[in-house]
Amino acid sequence: MAEILAMIGAFIAIEGALYAGAPGFVRRMAALVTEMDDREMRVAGFVALFLGVGIVWLVRG
């Protein structure tokens with residue numbers, strides 16, 4: 001459970017750093033996301049899911 005909370009904290013920290021360091025980029029990406037249809041969003045979600053699982057698998061291996 002501690003590792004899950006640590007990962008959530010790391011995610012929030014990275015997201016916060018992105019918002020603080022590149023707010024314009026975040027706004028542009030949010031605008032692009034609203035223009036995506038469901039299929040594109042689903043594909044992007046699966047790519048992110050598998051990439052994240054792959055990174056965790058490599059690191060924790």
Side-chain angles (χ1 to χ4, degrees):
M1 186 65 167
E3 288 187 25
I4 292 172
L5 291 175
M7 284 188 283
I8 291 170
F11 175 79
I12 292 170
I14 292 168
E15 189 173 2
L18 185 61
Y19 289 158
F25 172 76
V26 174
R27 281 193 190 96
R28 287 192 303 276
M29 290 302 293
L32 288 173
V33 167
T34 60
E35 296 174 2
M36 293 173 73
D37 64 22
D38 286 349
R39 183 179 179 282
E40 291 173 323
M41 185 72 94
R42 191 168 288 116
V43 169
F46 278 120
V47 168
L49 170 66
F50 291 124
L51 183 63
V53 169
I55 290 170
V56 171
W57 179 71
L58 285 173
V59 171
R60 303 300 277 156

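Everything quoted here is computed from the prediction, not taken from an experiment.
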- Which residue, Val47, Val53, Leu51, forms the side-chain contact (heavy atoms from CB on, under 4.5 Å) with Leu49? Val53

In the single-linkage hydrophobic clustering (I, L, V, M, F, W, Y; side-chain heavy atoms under 4.5 Å), do [X] and [Y] co-cluster?
X     : Y     : answer
Val59 : Ile4  : no
Met7  : Ile12 : yes
Leu18 : Met29 : yes
Phe25 : Tyr19 : yes

- Between Pro23 and Gly21, what is the shortest heavy-atom contact and its length? CD-C, 3.6 Å

- Message: If you define the side chain from C-beta out and look only at heavy atoms, does anything of Leu32 sit under 4.5 Å from Glu35?
- Response: yes

